[in-house]
Amino acid sequence: MAGRTDKTTLALSPSRVHERLMKRTDQALAWDGGEFGPWQRRLRRKLRQLLRVPTNEGWPLNVRSLWKRDHALGIIEKVAFQCEPGADAVAYWCVPSAGEPPYRTFICLQGHSTGMHNSIAVSRDDEATPIEVAGDRDFGIGCMERGIAALCVEQRCFGERAERELPTTSEYNTCHDSVVHALMLGRTTLGERILDVDRAIDYLASRGDVDMKRLGVMGNSGGGTTTMYAAALLKRIRAIIPSCCVAEYADSIMTLYHCGCNCVPEVMHYADMADVIGCFSPGPCVIVSGQDDEIFPIASAKRSVKALRRIYRSTGSVKNLKHVIGPQGHRFYADLAWDAMCPMLDRM
Ligand SMILES: [Zn+2]
């Protein structure tokens, strides 16, 4: 109709301008092929600043044992410990009968789900009742089967640590409210979760039965995301399995639906995901992807791993980087991942 502006010719979608800005980012601290150590220090410093990781002030852990039971594969104890004043974590400490102290140990992190009860394959409401867990997400069981101890930590905003006091909360994502509030206070949810991993390591170090030289972190999706950023910053982490969380930012976080707990303000001006994980080089790293993952597309994941391999090569440790690709979608692939990781743990 004459005089009416055709909306299809207008740039109304917010993504239009973000796409333009994204193409202009110079990724100032991306791997440049120079000297590894100084680059790693510069990017680590910047990431810690962007993620606003709260300082671990070494508060008392106040460890409490909530229950302890025998399991077909060993013993599982549910514990709580203080992450920071006002924030306690709950976790399952899984000790395998097939292992010997000091135990090889992995911290296991679930992504967006009903929570850490999936890690030991029990009902959320009754932890004595076994359940079937899809997509090999029973991480603690997978560790125990391989003689590895597991500390399955509930991440902030998920499962038992979902918000339960505010008058209203998001209907869609249990992380949403906390993400907004953290940003308003100059924090990020991811930074808070990294503090929780650091405190979980404090707890493990305090036990005296953990092989701190073979301490790993693993997780799928939102658990994998915490794994890789924590590994970039926390030097006590010695091995990682980030699963279904790796791709270039432009093809994943910036194009497909991802919630706010993936957000690292400004990071695209400094680095891409490969650089973040590159800070962990030369540590043993198994990246797990799903061939049909709809939110971390496989072609982009492969490009990230290719870039990451260049960083590992610079530290003479390309053998410590493995990429395994499962035949399905966004899930964990336990056999593929552990078959790649276990020989590297043996060599450590
Ligand atoms: Zn989230």
Side-chain angles (χ1 to χ4, degrees), residues 11 13-55 175-176 178-195 197 221-222 224-235 240 242 245-281 285 287 295-297 299-315:
S13 293
S15 62
R16 282 271 197 106
V17 73
H18 292 159
E19 197 177 338
R20 187 167 62 80
L21 291 172
M22 199 160 56
K23 285 180 180 145
R24 287 189 190 171
T25 56
D26 59 357
Q27 301 198 332
L29 294 178
W31 170 246
D32 60 1
E35 220 184 316
F36 178 78
W39 168 79
Q40 181 196 41
R41 280 192 289 280
R42 281 198 301 276
L43 183 54
R44 270 186 169 159
R45 202 179 309 128
K46 180 53 75 179
L47 285 173
R48 185 169 279 280
Q49 181 195 348
L50 298 180
L51 284 157
R52 311 287 204 275
V53 183
T55 304
C175 60
H176 173 81
S178 182
V179 166
V180 171
H181 302 166
L183 287 170
M184 295 284 281
L185 291 164
R187 280 187 168 198
T188 67
T189 296
L190 205 39
E192 293 177 329
R193 288 177 176 166
I194 291 168
L195 172 67
V197 172
S221 193
T225 297
T226 303
T227 297
M228 64 188 181
Y229 286 99
L233 298 181
L234 305 179
K235 294 177 184 173
I240 54 169
C245 60
V246 174
E248 292 161 308
Y249 290 130
D251 300 321
S252 56
I253 313 296
M254 296 300 286
T255 304
L256 304 161
Y257 173 74
H258 285 273
C259 66
C261 69
N262 291 276
C263 176
V264 185
E266 285 188 72
V267 72
M268 294 192 71
H269 291 289
Y270 296 99
D272 211 317
M273 228 184 267
D275 306 303
V276 172
I277 307 169
C279 286
F280 183 67
S281 178
C285 169
I287 291 174
I295 55 174
F296 292 97
S300 185
K302 285 179 178 173
R303 282 195 296 275
S304 289
V305 173
K306 194 173 171 191
L308 181 56
R309 201 162 277 133
R310 285 196 284 270
I311 304 175
Y312 266 73
R313 196 168 290 129
S314 79
T315 58

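Numbers here are sequence positions counted from 1.
Judged by distance alone, with hydrogens and angles left aside, the side-chain atoms of Asp272 form a donor-acceptor pair with the main-chain N or O of Tyr249 at under 3.5 Å. The main-chain N or O of Ile295 is found under 3.5 Å from a side-chain atom of His258 such that the two form a donor-acceptor pair. Checking side-chain atoms of Thr188 against main-chain N and O of Val264 turns up no donor-acceptor pair under 3.5 Å. Judged by distance alone, the side chain of Thr226 and the main-chain N or O of Gly222 form a donor-acceptor pair under 3.5 Å. The backbone N or O of Trp31 sits less than 3.5 Å from a side-chain atom of Asp275, completing a donor-acceptor pair. Remark: side-chain polar atoms of Arg303 are not paired, donor with acceptor, to backbone N or O of Ala247 under 3.5 angstrom. Under a 3.5 Å cut-off, the side chain of Asp32 and the backbone N or O of Gly34 do form a donor-acceptor pair. In this structure a side-chain-to-backbone donor-acceptor pair under 3.5 Å is missing from Ser178 to Cys175.
Residue Phe296 comes nearest to Cys245 through the heavy atom pair CE2-O, 3.3 Å, listed as atom of the first residue, atom of the second, then distance. Across all their heavy atoms, Tyr229 and Ile194 have their closest contact at CB-CD1, 3.7 Å. Between Met268 and Ala250, the shortest heavy-atom contact is CE-N, 4.4 Å. In this structure, Leu43 and Cys279 approach most closely via the heavy-atom pair CD2-SG, 3.6 Å. Across all their heavy atoms, Glu248 and Ser300 have their closest contact at N-OG, 2.9 Å. Nearest heavy-atom pair across Ser304 and Val246 is CB-CG1, 3.8 Å.
The shortest side-chain heavy-atom distance between Pro297 and Leu256 falls under the 4.5 Å cut-off. For the pair Cys285/Ile277, a side-chain contact is recorded, criterion being any heavy-atom separation below 4.5 Å from C-beta on. Looking at Leu51 and Leu233, their side chains come closer than 4.5 Å, going by heavy atoms from C-beta outward. Side-chain contact between Thr225 and Arg193 is absent, with no heavy atoms from C-beta onward closer than 4.5 Å. Between Tyr312 and Phe36 the shortest side-chain heavy-atom distance does not fall below 4.5 Å. Side-chain contact between Val267 and Leu47 is present, with at least one heavy-atom pair separated by less than 4.5 Å.
The CG atom of Leu195 sits 8.5 Å away from atom OG1 of Thr55, with the distance rounded to the nearest 0.5 Å. Here OG of Ser281 is found 13.5 Å from CZ of Arg310. Values are rounded to the nearest 0.5 Å. Annotation: the span from Asp26 atom CG to Arg24 atom CZ amounts to 12.0 Å, rounded to 0.5 Å. Note: Leu21 CG to Met254 CE = 8.5 Å, rounded to the nearest 0.5 Å. Distance check, rounded to the nearest 0.5 Å: SG of Cys261 to CG of Leu190 gives 7.5 Å. With rounding to the nearest 0.5 angstrom, the NZ atom of Lys46 is 11.0 Å from the NE2 atom of His269.
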Evaluate the side chain to side chain contact (heavy atoms under 4.5 Å, CB included) criterion for residues Glu266 and Gln49: first the C-alpha distance (whole Å), next the side-chain angles of each, then the deciding distance (0.1 Å), finally the verdict.
-> CA-CA 10 Å; Glu266 285 188 72; Gln49 181 195 348; over 6 Å; no

